[in-house]
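Read through the structure below, which is laid out as C-alpha cells, and then see the notes.
Since this is a predicted model, take the numbers as computed values, not measurements. Note that ligands are numbered from 1 as they come in the structure, with each ligand's atoms numbered from 1 the same way.
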Amino acid sequence: MTASIIDGKAFAANLKEEIARKVRILKELHGLIPGLAVVLVGEDPASQVYVRNKNKSTIAAGMNSFEYLMKDDVSEADLITKVKELNDDPAVHGILVQLPLPKHINEAAVIETIAPEKDVDGFHVINSGLLATGGDGMVPCTPLGCIMMLKDQLGSLSGLDAVVVGRSNIVGKPMAQLLLNESCTVTIAHSRTRNLAEVVGRSDIVVAAVGVPELVKGDWIKEGATVIDVGINRIEKDDGKTKLVGDVEFDSAVLRAGAITPVPGGVGPMTIAVLLKNTVTAACRQAGIDEPT
Ligand code: NDP
C-alpha cells in the first residue's frame, strides 16, 4: 500500500479562500472587519518569519493586521500593559503573543492576561478548560487544523483508536482532547511511554508532536492508518545542507499508512489558516452576530 498524501497547502489555501469570503460578507452586511494583533518580543529570526507570514495572510484575507514589535529586554509589566491595551481595543478581535518569550518573562502570566474571547491561540486556561468540558472556547490552531484534516480524510472518527505522541499544552494535550471529543479511543504517549512501537502499531490514527526527527518509525505504523506529522525539525544532510523533516520516518511510513501528511507541506500551512479562522470566529462572537456559513 502507498499512502495518499494529505496536501496541507491545498487544504490551507481552500480554508483561506473561505475565510476571505466570510470577511467580505461581514464587511458588507455588518461593517465588521476582523482584526488580529500579533506581539513579537525580540529578534528571533524564526519568530520574525512566522509573524511576517501571519501579517501577510491576515491582510490577504481582507482583515486588519496590527503588529507590535517589542525589544528583547522589555519588562513583563510593559508587555502585560500592551496586552491589556489590546484587550480594550475594539478594532482588535484576536491577540497572539508569539512564543517563546525571553526567559525573564513569565509566559503563563502574559497568556492569562489576554482576554479569553480574544485568545485566538486558545492557550488561556479558560479556553483549555472549555475544550476539556465541551464548551465553545477558542481552540489551539495546530490541533484544530489537524482535526479538520482528519475529518476531511476519514469522515467520522468515532470509535477509532488514536495515539498522540507528545503531551505539550499547545499541541499534544488539546489534540488528544479534540480526538476524544470526536469519540476516538485516545492514548497519549510521551517520553516515559513504554513500548511506543506497540502503542503506535495498534492505532488507526497517529498524531506525532514530539520534536524529535523521525522518531516514529515507518514499520510501527498499522496498515492503512492515518498519520498526521506535526513535527518540524531541521536536520543536516550528508552534503552539509539542511532540510526539514517531521517526527515520522516518512519514506517508510508512506508504504504502510492509508494517508499521511508530508513535512513540509502538511500541518504547517494549516496553522496560519486556522489562526485566521479563529479570528473571524472571535470577531463574530464579540460583535454578537452569527458567523457566515
Ligand atoms: P514540546 O517540546 O513542548 O513537547 C514535546 C513532547 O514530546 C513532550 O510531551 C515529550 O514528552 C514528548 N517526547 C519527547 N521525546 C520523546 C520520545 N523519545 N518519545 C515519546 N515522546 C517524546 O513540543 P511541542 O508540542 O511544542 O512541538 C512538537 C513538535 O511540533 C515540534 O517539532 C514543533 O516544532 C512542532 N510544531 C509544529 C507546529 C506547526 O506545524 N505549525 C506548531 C507547534 C509545534 P515529555 O512530556 O515526557 O517530556
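- Nearest protein neighbour of atom 20 (C) of ligand 1, counting heavy atoms only, is His190 O, 3.2 Å.
- Partners of Glu223 under the salt bridge (Lys or Arg N to Asp or Glu O under 4.0 Å) rule, at least two apart in sequence or in another chain, are Arg256.
- Under the side chain to side chain contact (heavy atoms under 4.5 Å, CB included) criterion, Ser57 pairs with Lys16, Ile272, Leu276, not counting sequence neighbours.
- Remark: ligand 1 atoms within the under-4.0 Å shell around heavy atoms of Val267 are 40 (O).
- When Ala209, Pro269, Gly8 are ranked by how near their heavy atoms come to atom 28 (C) of ligand 1, first place goes to Ala209.
- Atom 3 (O) of ligand 1 has its closest protein heavy atom at Ser168 CB, 3.3 Å.
- For Asp121 (side chain) and Leu96 (main-chain N/O), no donor-acceptor pair under 3.5 Å exists by modelled atom type.
- Gln286 places a side-chain N or O within donor-acceptor distance of the main-chain N or O of Glu117, the cut-off being under 3.5 Å.
- Residue contacts with ligand 1, taken as heavy atom pairs separated by less than 4.0 Å, involve Val230 via backbone and side-chain atoms alike.
- For ligand 1, the atoms closer than 4.0 angstrom to any heavy atom of Thr271 are 39 (C), 41 (N).
- By the 4.0 Å heavy-atom criterion, Thr193 is excluded from the residues contacting ligand 1.
- Using a 4.5 Å cut-off on side-chain heavy atoms (C-beta onward), Lys222 and Arg202 make no contact.
- Among protein heavy atoms, the minimum distance from atom 43 (C) of ligand 1 is reached at Val171 CG2, 3.8 Å.
- Distances from ligand 1 to the non-hydrogen atoms of Ala189 include no value under 4.0 Å.
- For ligand 1, the atoms lying closer than 4.0 Å to a non-hydrogen atom of Leu215 are 17 (C), 18 (N), 19 (N).
- The protein heavy-atom contact nearest to atom 42 (C) of ligand 1 is Thr142 OG1, 3.3 Å.
- Ion pairing of Asp136 with Arg285 is present here, as a side-chain N (NZ or NE/NH1/NH2) and a carboxylate O approach within less than 4.0 Å.
- Ranking the protein heavy atoms by distance from atom 47 (O) of ligand 1 puts Ser191 OG, 2.5 Å first.
- Under the 4.5 Å side-chain criterion, counting only non-hydrogen atoms from C-beta, Ile6 is not in contact with Phe11.
- The closest approach between any non-hydrogen atom of Gly172 and ligand 1 is not below 4.0 Å.
- When heavy-atom distances to ligand 1 are checked against a 4.0 Å cut-off, Val210 comes that close through both its backbone and its side chain.
- Salt bridge absent: Glu236 and Lys241 never bring a charged side-chain N and a carboxylate O closer than 4.0 Å.
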